[in-house]
2 protein chains.
Amino acid sequence: MDIRDIAAKSGYGVGTVSRVINDQPNVSDRARERILAVMAELGYEPNSNARYLKMRSQTPVAVFVMGVGNRMFDDILGPLQAALAREDEQIVVTYLNGDIDEVRAAIDYQQARHPKGMVFLGGELESFRASFHEIETPSVLVTADASQLGFANLSSVTIDNVAAARSAVGHLLERGHRRIGIVGGNRASGQIGELRLRGAEQALREHGIELDYERDFEPCDFIEVGGYEATSRLLERAGDLTAVFALGDVVAFGALRAIVDRGLSVPGDVSLVGFDDTAFSQYSVPRITTIRQDAARLAERAAQLLLGALRDGSSATHELVDFELVERESVRSRVLLAK
Amino acid sequence: MDIRDIAAKSGYGVGTVSRVINDQPNVSDRARERILAVMAELGYEPNSNARYLKMRSQTPVAVFVMGVGNRMFDDILGPLQAALAREDEQIVVTYLNGDIDEVRAAIDYQQARHPKGMVFLGGELESFRASFHEIETPSVLVTADASQLGFANLSSVTIDNVAAARSAVGHLLERGHRRIGIVGGNRASGQIGELRLRGAEQALREHGIELDYERDFEPCDFIEVGGYEATSRLLERAGDLTAVFALGDVVAFGALRAIVDRGLSVPGDVSLVGFDDTAFSQYSVPRITTIRQDAARLAERAAQLLLGALRDGSSATHELVDFELVERESVRSRVLLAK
DNA sequence: CCGTTGGTTGGAAACGTTTCCAATTCCTGT
DNA sequence: ACAGGAATTGGAAACGTTTCCAACCAACGG
């Protein structure tokens with residue numbers, strides 16, 4: 001069934017029918033009413049391919065989730081989809097784990113279909129420096145800072161990861177901790193781990209401590225098992241740690257387990273701070289002190305930025321949203337002994 | 001840039017170019033080679049809208065996730081997308097929470113775009129009985145049993161939820177528990193909660209216990225906060241419970257917190273069994289005894305079923321995959337006193 | 001040398017829309 | 001009653017493919 005069938009049956013021309021479909025002006029109420037009635041009667045649905053072909057509008061917005069298993073991204077995805085759906089934009093999601101070639105292939109594949117827009121959640125973007133500069137499709141990075149990466153053509157939404165990590169580690173330092181280990185982040189997770197690490201380093205330095213990467217830092221993927229194994233290794237070689245800062249809640253969750261499995265208690269023996277404020281840290285035993293970044297808000301802003309670019313062609317922007325340290329039960333104060 | 005540009009530049013006709021693009025026979029090697037070269041040189045990408053328009057093939061596979069926040073679904077989504085991507089099928093995801101009208105609107109919306117296929121994760125399908133019978137688009141239900149729901153036209157993949165729940169509660173009973181509370185499941189979560197509840201009921205009955213729905217059961221959404229609140233209420237009114245069976249791991253995670261917040265210990269005072277085997281139960285403190293259903297396998301089978309219907313028009317099937325009770329640390333045996 | 005066969009090839013038609021332009025109708029003020 | 005403008009309308013062209021059919025060519029057997 002065709003737009004022509006509707007035209008014929010309603011007694012109007014295809015042009016008029018098309019105008020009705022697209023809610024355009026210059027259609028008499030009588031015509032609109034009649035056409036709508038016929039469409040309803042025949043159960044007509046416009047063919048989206050023909051439509052998109054003509055309008056040279058494109059396939060849906062492509063979303064890349066780089067880091068399967070990072071619950072934080074799952075929390076962002078729902079609100080993102082909802083916000084975009086409100087404006088009638090679909091998303092096509094591609095889940096990727098770190099492997100660079102796989103990521104590149106996936107991006108090429110999606111680019112080839114000329115998506116209207118693109119959204120990147122997490123991931124290591126550095127190695128796409130070359131190709132990313134040429135992206136003209138409206139795109140937004142969530143959870144990574146496009147301007148810092150040097151992509152002037154891409155928008156982005158993040159919290160200030162450096163400041164947030166600094167406040168997390170600062171919290172530990174204020175509570176008297178001096179031997180602080182750090183877990184999480186690696187090449188595949190890219191900038192985000194790096195920034196948080198840098199923030200941690202700064203906080204330590206402000207207290208006159210130089211981070212020993214070999215001993216007190218252990219990288220890992222943002223998944224539970226990564227956090228578990230990394231923390232086990234860390235504790236193995238640096239048994240005197242009194243606190244651990246996990247670069248993500250998923251990691252923290254694994255870390256908590258690892259600490260307990262060594263027969264230590266949180267926060268009794270080791271204090272723990274996470275990052276993201278996912279359900280993990282809210283409901284685990286003990287509840288984990290963490291940095292809240294509001295997934296819904298991040299998603300909402302990302303959607304607005306993308307929509308802006310889509311609709312008005314507004315240019316690339318970097319946007320910061322607030323974070324907050326939320327104190328829970330996983331940090332214990334240490335009395336500092338006089339030296 | 002056009003297929004015509006390629007034709008012109010290569011010196012062949014558009015028909016031949018099209019045949020090359022689609023890997024069809026009846027093209028000389030010389031022609032194929034030349035055309036491929038020109039395509040590469042010009043960086044040509046066929047327009048998928050024009051293509052689909054002509055081929056009357058359709059938009060991507062639509063996936064509905066009914067129950068935002070149920071981590072089990074997040075675990076399925078990645079592998080599902082990967083399996084489909086291997087066969088060059090895209091998915092567009094819609095996240096929904098329970099509200100029936102919202103769900104109906106979303107399904108209508110997607111149906112109108114004539115997706116190639118549809119996949120439903122979870123959700124309450126009962127109220128779609130009327131409309132679901134008319135679905136001709138190849139579709140598969142993951143986590144719900146189409147045949148039991150009476151949808152002969154839809155495929156589905158599940159574990160045997162009844163048997164699994166029975167073995168979970170059976171496990172508790174064997175360990176000497178007699179006062180067992182149940183949390184999770186509600187109208188919006190549909191069949192899945194019902195089936196598990198039924199399994200639990202059976203196990204109890206086999207031990208001569210009749211489930212008191214008013215006292216020992218508390219429904220809730222499959223999210224952490226739901227589990228927390230439901231369990232709090234349950235414990236409030238039935239303080240003598242020695243074990244809790246949560247109908248999903250997310251719920252179990254909230255339940256664990258609720259139990260601890262009442263000053264009770266798991267498994268010291270109250271034993272806990274979950275369902276799904278997500279990362280929650282694997283890494284929480286204590287680790288939670290649960291029913292493993294293999295998300296990757298579920299996803300893989302769902303993809304195959306859908307692909308089968310897409311490619312060979314194979315008809316709707318219901319498939320069962322294995323489950324397994326995995327014993328961890330959240331259940332303690334009770335010595336039964338002689339009565 | 002010619003009719004036949006089978007593999008190549010070109011090009012027109014069709015897919016179902018939107019958009020533009022010209023034509024028509026309807027008002028309005030005089 | 002009529003000119004002039006605005007609102008409405010119809011229809012052709014275009015979007016970028018695939019597909020079908022007719023045409024071509026080379027090889028081959030008689």
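Predicted model, so just to flag it, every value in this text is computed and none were measured.
Within the 4.0 Å cut-off from OP1 or OP2 of C/dT9, not a single side-chain nitrogen or oxygen of B/Thr16 is found.
Between A/Glu300 and A/Arg86, at least one side-chain N (NZ, or NE/NH1/NH2) sits under 4.0 Å from a carboxylate O, which counts as a salt bridge.
Using a 4.0 Å cutoff on non-hydrogen atoms, the parts of residues 25-41 of chain B near DNA chain C are B/Asn26, B/Val27, B/Ser28, B/Ala31, ordered by number.
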For residues 12-20 of chain B, please give each side-chain donor-acceptor pair under 3.5 Å, one per line with the distance, not counting sequence neighbours.
residue: B/Arg19; atom: NE; partner: B/Gly15; partner atom: O; Å: 3.0
residue: B/Arg19; atom: NH2; partner: B/Gly15; partner atom: O; Å: 3.4

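Applying the side chain to side chain donor-acceptor pair (under 3.5 Å) rule to pairs touching residues 60-74 of chain A yields A/Arg71-B/Asp75, sequence neighbours excluded. Each ring pair (Phe, Tyr, Trp, His ring centres under 6.0 Å) pair with one or both residues in residues 61-82 of chain B, not counting sequence neighbours, appears once here: B/Phe64-B/Phe120. For residues 32-42 of chain A, the side chain to side chain donor-acceptor pair (under 3.5 Å) pairs, not counting sequence neighbours, are A/Lys9-A/Glu41.
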A/Arg51 and A/Ile21: CA distance, side-chain angles, deciding distance, side chain to side chain contact (heavy atoms under 4.5 Å, CB included) verdict:
CA-CA 11 Å; A/Arg51 197 157 208 210; A/Ile21 294 175; 3.3 Å; yes
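Applying the side chain to side chain donor-acceptor pair (under 3.5 Å) test to A/Ser156 and every residue at least two apart in sequence or in another chain returns A/His318. Among residues two or more places apart in sequence or in another chain, the side-chain contact (heavy atoms from CB on, under 4.5 Å) test is passed with A/Ala303 by A/Leu80, A/Ala83, A/Leu84. Applying the side chain to side chain donor-acceptor pair (under 3.5 Å) criterion to A/Gln293, with sequence neighbours excluded, gives A/Asp276. Partners of A/Asp2 according to the side chain to side chain donor-acceptor pair (under 3.5 Å) rule, which considers only residues two or more places apart in sequence or in another chain, are A/Arg4.
Remark: the backbone N or O of B/Gly193 is not paired with any side-chain donor or acceptor of B/Asn186 at under 3.5 angstrom. Between the B/Ser314 side chain and the B/Gly308 main chain, a donor and an acceptor come within less than 3.5 Å of each other.
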Heteroatom pairs (N/O) under 3.5 angstrom, protein to nucleotides 24-28 of chain C:
none

Per-nt protein contacts along nucleotides 15-22 of chain C (heavy atom under 4.0 Å; B base, S backbone sugar-phosphate only, - none) come out as BBBBBB--
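Recorded end-axis angle for the helix from C/dC1-D/dG30 to C/dT30-D/dA1 stands at 40°, based on five pairs per end and rounded to 10 degrees.
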